[in-house]
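We use all heavy atoms of the structure for the numbers below, so side chains are in, but hydrogens, waters and symmetry mates are not.
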Amino acid sequence: QVQLVESGGGLVQAGGSLRLACQATGRTASNYAMGWFRQAPGKEREFVAAIKWSSYSDITYYADSVKGRFTISRDNSKNTVYLQMNSLKPEDTAVYYCAADRIANNVRLRHEYDYWGQGTQVTVSS
């Protein structure tokens, strides 16, 4: 079992930055695929970014809407994955969820992940 706890959400003005963190406990998640998803009011939960170990290094994946603005990374010594969000826009406002899975063949799909955090609110004001 893996438990995920997100932190770092808050209120920020457009153009600002936030860094989300997701700490995994219960099992070492260093070889797990880790993803960030978000859900805005009235919308479905959507893929944001993911990081997955492959052969020799981590590979990162991003939704087109955040590419160039968001960066996913992880610190295995802390069992934590981060989402650095820069140049935030009002449309980035959502609850952000961390997800983990030992395999996650397609990291962009919600159903590939077995473990989810409780979410952290990000609000970007215009």
What's the separation between atom [atom1] in [X] and atom [atom2] in [Y], rounded to the nearest 0.5 Å?
X    : Y    : atom1 : atom2 : result
T123 : L11  : OG1   : CG    : 6.0 Å
R102 : E112 : CZ    : CD    : 12.5 Å
R74  : Y32  : CZ    : OH    : 11.5 Å
N76  : N31  : CG    : CG    : 7.5 Å

Legend entry - Pair S17, N86: side-chain N/O donor-acceptor within cut-off below 3.5 Å: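 Yes, side-chain donor-acceptor contact under 3.5 Å.
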Taking all non-hydrogen atoms of both residues into account, name the closest pair between [X] and [Y] and its distance.
X   : Y   : result
Y96 : R38 : OH-NH1, 2.9 Å
L4  : A24 : CD2-CB, 3.7 Å
P90 : A14 : CD-CB, 4.1 Å
A33 : K52 : CB-CG, 4.1 Å
I72 : W36 : CD1-CD1, 3.6 Å
L88 : R69 : CA-NH1, 3.9 Å

When you compare the side chain of [Y] with that of [X], does any pair of heavy atoms fall below 4.5 Å?
X   : Y    : answer
L20 : T120 : yes
N79 : T25  : no
C22 : Y82  : no

Inset, instruction - Using the six-membered ring wherever Trp is involved, compare the ring planes of Y97 and W116 and label them parallel, tilted or perpendicular (cut-offs 30° and 60°). - result: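 Perpendicular.
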Legend entry - Pair E44 + R110, salt bridge at N-O below 4.0 Å: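 The answer is yes: the pair qualifies as a salt bridge.
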Inset, instruction - For the pair K89 and D92, find out whether any cationic side-chain nitrogen is under 4.0 Å from an anionic carboxylate oxygen. - result: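 Salt bridge: no.
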Inset, instruction - Would you please test L83 and V48 for side-chain contact (heavy atoms from CB on, under 4.5 Å) and show each step? - result: CA-CA 10 Å; L83 185 68; V48 175; 4.1 Å; yes
Legend entry - Verify same cluster id: I51, V2 (apolar side-chain graph, 4.5 Å):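 They do share one cluster, since a chain of ILVMFWY contacts under 4.5 Å joins I51 to V2.
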Legend entry - Cluster overlap L18 with Y62, hydrophobic side-chain contacts below 4.5 Å: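 Yes: a chain of side-chain contacts under 4.5 Å links L18 to Y62.
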Inset, instruction - Among F70, Y113, F37, Y61, find the residue that satisfies the ring pair (Phe, Tyr, Trp, His ring centres under 6.0 Å) test when tested with F47. - result: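 One option only clears the test, and that one is F37.
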Legend entry - Verdict with reasoning, D101 to Y115, per side-chain contact (heavy atoms from CB on, under 4.5 Å): CA-CA 6 Å; D101 193 86; Y115 306 104; 5.6 Å; no
Legend entry - Main-chain N/O of C98 paired with E6 side-chain donor or acceptor, under 3.5 Å: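 The answer is yes, because a donor-acceptor pair under 3.5 Å joins these two groups.
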Legend entry - Expected output: side-chain D75 to main-chain T80 donor-acceptor under 3.5 Å: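 No; judged by distance alone, with no hydrogens or angles, the pair does not exist.
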Inset, instruction - Test M85 against V122 for side-chain contact (heavy atoms from CB on, under 4.5 Å), laying out the working first. - result: CA-CA 10 Å; M85 305 186 295; V122 171; 3.9 Å; yes
